[in-house]
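Computed from a predicted model, the values in this text were never measured in an experiment.
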Amino acid sequence: MPINCAVGCGNKAVLKRPKTGDPFCKECFFNAFENEIHFTITNNKLFTPGLKVAIGASGGKDSTVLAYVLKTLNERYNYGVELTLLSIDEGITGYRDDSLETVKQNRDDYKMPLKILSYQELYGWTMDKIVEQIGRSNNCTFCGVFRRQALERGAKLLGVDCIATGHNADDIAETVLMNILRGDTARLRRCTNVRTGGGQNSIPRIKPLKYAYEKEIVMYAHYKKLVYFSTECVFAPNAYRGHARELLKDMEKVDPEAILNIIHSGEQMRFNDFVKQPTRGKCDRCGFLSSQQPCKACTLLEGLNRGLPKLGIGKKSKGDRMIASQDKQLALREKANLVKNDF
């Protein structure tokens with residue numbers, strides 16, 4: 001027997017919202033989804049007229065829906081912001097090269113300018129080359145660190161005022177779980193913020209999809225017939241985040257509100273004043289935001305260039321010992337060469 005839309009519009013329902021379980025017709029679902037994102041934007045004052053916004057575009061469902069919705073809402077409510085697409089090419093054969101074609105399609109469909117930056121031009125390395133050096137156990141550490149800084153570099157090149165990322169409710173809840181499991185209080189305090197960064201040394205980042213469920217993003221893209229790239233990264237199955245994702249999905253099966261409850265718990269998290277937190281400043285080498293000297297990106301890059309790919313993995317003291325040991329070996333070789341040349 002057909003079920004009527006819960007909104008009372010008189011239309012027949014075609015889907016059940018994962019967030020609430022209510023039956024919705026397509027149009028009412030579109031309105032509810034877009035209005036919730038509009039509320040997130042206005043309630044948190046994410047946009048002001050004249051703002052230049054770079055959308056982190058990967059070609060996936062999240063960034064594609066983000067670009068489409070921001071364009072729609074910007075025109076509907078006259079935010080007065082200037083939108084542009086910023087994409088990072090990590091250099092992953094069979095994945096990123098294909099997804100960039102989708103980003104270019106988004107550029108044409110939404111009439112937005114597009115800037116593409118690659119790891120190769122920024123760091124002299126691609127993820128394919130990095131995985132050859134490091135293996136598949138810690139490759140996501142390199143990719144995540146380099147990608148965050150690459151977005152910052154791209155945003156500065158474009159001269160934008162902020163970066164909009166496609167982080168959805170599932171992503172944020174997973175991050176809360178990961179930081180709890182790791183005991184990372186510094187990231188736990190800020191991972192639920194809808195706006196991060198900003199200040200003298202960084203460009204602020206915003207998350208308009210903060211309360212949007214991943215399942216609803218997929219539904220929205222499906223019923224809107226948006227073009228997006230759905231293949232998972234070939235290196236992702238080994239990521240630590242996968243364990244948090246599996247745990248979250250099991251919790252969602254029991255209670256769909258678990259995702260929002262975890263986010264709200266993270267928002268209410270408070271720490272005593274005596275809990276030591278890292279101070280964020282500017283990296284002495286690259287000049288970008290960092291809570292250590294040198295920054296994580298520079299440390300990882302130094303390890304790759306030195307032939308010590310695990311230099312930035314683990315504690316800093318371990319990395320310092322690796323550098324000292326290598327420098328000592330190089331000094332001994334230099335001395336041996338000088339002695340040899342004397343004869």
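Residues K111 and E75 are not paired through a salt bridge, judged by the lack of any N-O separation under 4.0 Å between the basic side chain and the carboxylate. Salt bridge status for E101 with K104: present, with a side-chain N to carboxylate O gap under 4.0 Å.
In this structure, the side chain of N138 does not engage the main chain of T141 through any donor-acceptor pair within 3.5 Å. With E36 contributing its side chain and N31 its backbone, the two residues share no donor-acceptor pair below 3.5 Å. A donor-acceptor distance shorter than 3.5 angstrom exists from the side chain of K19 to the backbone of Y211, with no hydrogens or angles considered. Between the side chain of N43 and the backbone N or O of T40, no donor-acceptor pair lies under 3.5 Å.
Inter-residue side-chain proximity for H38 and Y79 is flagged as met; some heavy-atom pair is nearer than 4.5 Å. A heavy-atom distance below 4.5 Å is not found between the side chains of Y110 and T72. Counting heavy atoms from C-beta outward, V53 and E82 have side chains that stay 4.5 Å or more apart. Within the 4.5 Å cutoff, side-chain heavy atoms of R148 are placed close to those of R205. Contact of the L122 side chain with the R153 side chain is registered, since non-hydrogen atoms from C-beta on lie closer than 4.5 Å. Using a 4.5 Å heavy-atom cutoff, the side chains of D161 and I203 are not in contact. Side-chain contact between T84 and K115: absent, with no pair of heavy atoms (C-beta onward) separated by less than 4.5 Å. Side-chain contact check for V69 versus P208: every heavy-atom pair is 4.5 Å or farther apart.
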Side chain to side chain contact (heavy atoms under 4.5 Å, CB included) between E152 and L289, intermediate numbers included: CA-CA 9 Å; E152 185 88 6; L289 187 68; 5.6 Å; no
Apply side chain to side chain contact (heavy atoms under 4.5 Å, CB included) to T102 and V227, showing your working. CA-CA 7 Å; T102 305; V227 178; 4.2 Å; yes
Does the side chain to side chain contact (heavy atoms under 4.5 Å, CB included) test come out yes or no for L46 and L51, once each step is laid out? CA-CA 10 Å; L46 298 184; L51 204 70; over 6 Å; no
Criterion side chain to side chain contact (heavy atoms under 4.5 Å, CB included) on K12 and I3, from CA distance to verdict: CA-CA 6 Å; K12 302 301 180 184; I3 301 175; over 6 Å; no
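Counting non-hydrogen atoms of neighbouring residues, nucleotides and ligands closer than 6.0 angstrom, the NZ atom of K71 exceeds 12 such neighbours. Within a 6.0 Å sphere centred on NZ of K52, other residues, nucleotides and ligands contribute 12 heavy atoms or fewer. The number of heavy atoms from other shown groups lying within 6.0 Å of CG (L157) is above 12. Within 6.0 Å of NZ on K224 lie more than 12 heavy atoms contributed by other residues, nucleotides or ligands.
Taking each heavy atom of F33 and A212 in turn, the nearest pair found is CE1-CB, 4.0 Å. Closest of all the heavy-atom pairs between K207 and I172 is CD-CD1, 4.1 Å. Smallest separation of non-hydrogen atoms from G166 and D171: O-OD2, 4.0 Å. The heavy-atom pair separating C286 from C295 by the smallest distance is SG-SG, 3.6 Å. Nearest approach of C191 to V176, heavy atoms of both residues: SG-CG2, 3.7 Å. The two residues Y119 and C143 have their closest heavy-atom pair at OH-O, 2.8 Å.
Side-chain contact check for Y95 and E90: no donor-acceptor pair (N or O, by modelled atom type) lies under 3.5 Å. A donor and an acceptor atom, one from each side chain of E252 and Y213, are nowhere located under 3.5 Å apart.
I116 and I55 fall within a single hydrophobic cluster, where Ile, Leu, Val, Met, Phe, Trp and Tyr are joined by side-chain heavy atoms under 4.5 Å apart, directly or via other members. If you chain together hydrophobic residues whose side chains sit under 4.5 Å apart, L117 and V145 fall into the same group. When hydrophobic clusters are built by joining Ile, Leu, Val, Met, Phe, Trp and Tyr residues whose side-chain heavy atoms come closer than 4.5 Å, directly or via intermediates, L188 is grouped together with M251. Connection of V103 to I217 is established within a shared hydrophobic cluster, with ILVMFWY side chains joined at heavy-atom distances below 4.5 Å, either directly or through further cluster members. Residues L209 and M112 are members of one and the same hydrophobic cluster, defined by side-chain heavy-atom contacts under 4.5 angstrom among Ile, Leu, Val, Met, Phe, Trp and Tyr.
Between F30 and Y220, the two ring planes are perpendicular [angle over 60°; tilted spans 30° to 60°].
When the side-chain hydrogen bond (donor to acceptor under 3.5 Å, both in side chains) test is applied to Q105, the partners found at least two apart in sequence or on another chain are D109. Listed by chain and residue number, S63 satisfy the side-chain hydrogen bond (donor to acceptor under 3.5 Å, both in side chains) test with S58 (two or more places apart in sequence, or in another chain). With sequence neighbours excluded, the residues forming a side-chain hydrogen bond (donor to acceptor under 3.5 Å, both in side chains) with Y77 are N35, listed by chain and number. By the side-chain hydrogen bond (donor to acceptor under 3.5 Å, both in side chains) test, D98 is found to be paired with no residue, residues two or more places apart in sequence or in another chain being considered.
One finds the SG atom of C233 at 4.0 Å from the CD1 atom of I92 (value rounded to the nearest 0.5 Å). Between atom CZ of residue R96 and atom OG1 of residue T126 there is a gap of 13.0 Å, rounded to the nearest 0.5 Å. The CG atom of L83 sits 5.0 Å away from the CG atom of N74 when rounded to the nearest 0.5 Å. Put simply, OG on S265 and CD1 on I180 are 8.0 Å apart, with the number rounded to the nearest 0.5 Å. A distance of 4.5 Å separates CG of L304 from CZ of F142, quoted to the nearest 0.5 Å. With values rounded to the nearest 0.5 angstrom, N106 atom CG is found 9.0 Å from L114 atom CG.
Hydrophobic cluster of F39: no remaining members, since no ILVMFWY side chain lies below 4.5 Å from it.
Remark: of the listed residues R245, K249, K210, K249 is the sole one forming a salt bridge (Lys or Arg N to Asp or Glu O under 4.0 Å) with D170.
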Atom pairs and distances, side-chain donor-acceptor, residues 256-264, under 3.5 Å, sequence neighbours left out:
{"from": "N261", "atom 1": "ND2", "to": "E257", "atom 2": "O", "distance (Å)": "3.2"}
{"from": "H264", "atom 1": "ND1", "to": "E267", "atom 2": "OE1", "distance (Å)": "3.0"}

